[in-house]
**Student:** 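Could you have a look at this structure, given as structure tokens, before my questions?
Values reported hereafter were calculated over all heavy atoms of this structure, with side chains retained and with hydrogens, waters and symmetry mates removed.
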Amino acid sequence: QKEVEQDPGPLSVPEGAIVSLNCTYSNSAFQYFMWYRQYSRKGPELLMYTYSSGNKEDGRFTAQVDKSSKYISLFIRDSQPSDSATYLCAMSAASGTYKYIFGTGTRLKVLA
Amino acid sequence: DTEVTQTPKHLVMGMTNKKSLKCEQHMGHRAMYWYKQKAKKPPELMFVYSYEKLSINESVPSRFSPECPNSSLLNLHLHALQPEDSALYLCASSQVAGGVMEQYFGPGTRLTVT
């Protein structure tokens, strides 16, 4: 079993839809959670960063962490064709470990 | 400013060449990373420098040689690479302490080994 599981997709949605992207994990020591957006042939761009449990909102993006279920989500409201990319979740156990465990990424296509 | 810069953007090299990849950040981060990413795969950690000292080497072949000249710069020296080393090479940086674990990536260098 992988430490972090993420559905590879592709996930196709119409423009304006609410998108839900998810990762599950097995290591209860993870405390730091990140979502990255990666366009084809580009570097990952940090979208959201959350420490421990709870919700965080930034514009059209909302990140949720449920540590009891070992489940994290990224919601994208009013999705746009420009949101079409691969979304990677990443997590880490503790400051100073330098180890970030990545999900395999979900390919999202927002159709105009 | 949360920018990590990398040069060159693209690099084509033969198996006998020696080349270097460069990375720079000015966020005051004291941890810097090299990752390798193949198509449709997540980034794969290669090296980590903390306070300019090599902290992690993920059993990377010696044909890859990292260097951290100062707290803002990170190099990856390449020699006698194989075609299977063709990939996107990503540099990243983060804080070391203070419980903040945000990691920022550069745009990457797309390397092709012929």
**Student:** Is A:R41 close to chain B through its backbone or its side chain, or both, or neither, when contacts mean heavy atoms under 4.5 Å?
**Tutor:** both

**Student:** Check B:E52 with B:R30, please: is the shortest side-chain N to carboxylate O separation under 4.0 Å?
**Tutor:** yes

**Student:** Does any heavy atom of chain B fall under 4.5 Å from the side chain of A:Y39, the backbone, both, or neither of them?
**Tutor:** neither

**Student:** What verdict does the ring pair (Phe, Tyr, Trp, His ring centres under 6.0 Å) test give for A:F33 and A:Y25, after you've listed the backbone C-alpha separation in whole Å, the side-chain angles of each residue and the deciding distance to 0.1 Å?
**Tutor:** CA-CA 11 Å; A:F33 304 93; A:Y25 62 94; 5.4 Å; yes

**Student:** Between A:R77 and A:E57, is there a side-chain N and carboxylate O pair less than 4.0 Å apart?
**Tutor:** yes

**Student:** Non-hydrogen atoms of chain A under 4.5 Å away: do they reach the side chain of B:E58, the backbone, both or neither?
**Tutor:** side chain

**Student:** Any idea which of B:Q6, B:R110, B:Q103 has the most non-hydrogen atom pairs under 4.5 angstrom with chain A?
**Tutor:** B:Q103

**Student:** At a 4.5 Å cut-off on heavy atoms, which part of B:Q37 comes close to chain A: side chain, backbone, both, or neither?
**Tutor:** side chain

**Student:** Check whether any side-chain N or O of B:Q95 sits under 3.5 Å from a backbone N or O of B:G28 as a donor-acceptor pair, and report yes or no.
**Tutor:** no

**Student:** Can you see whether B:H29 engages B:S94 through a side-chain donor-acceptor pair at a distance of less than 3.5 angstrom?
**Tutor:** no

**Student:** Side chain from CB out, backbone as N, CA, C, O: work out which of these in A:Q31 comes under 4.5 Å of a heavy atom of chain B, or both, or neither.
**Tutor:** neither

**Student:** Is it true that A:E45 and A:R37 make a salt bridge, defined as a side-chain N closer than 4.0 Å to a carboxylate O?
**Tutor:** yes

**Student:** Could you tell me which of B:Y33, B:Y104, B:Y35 has the largest number of non-hydrogen atom pairs under 4.5 Å with chain A?
**Tutor:** B:Y33

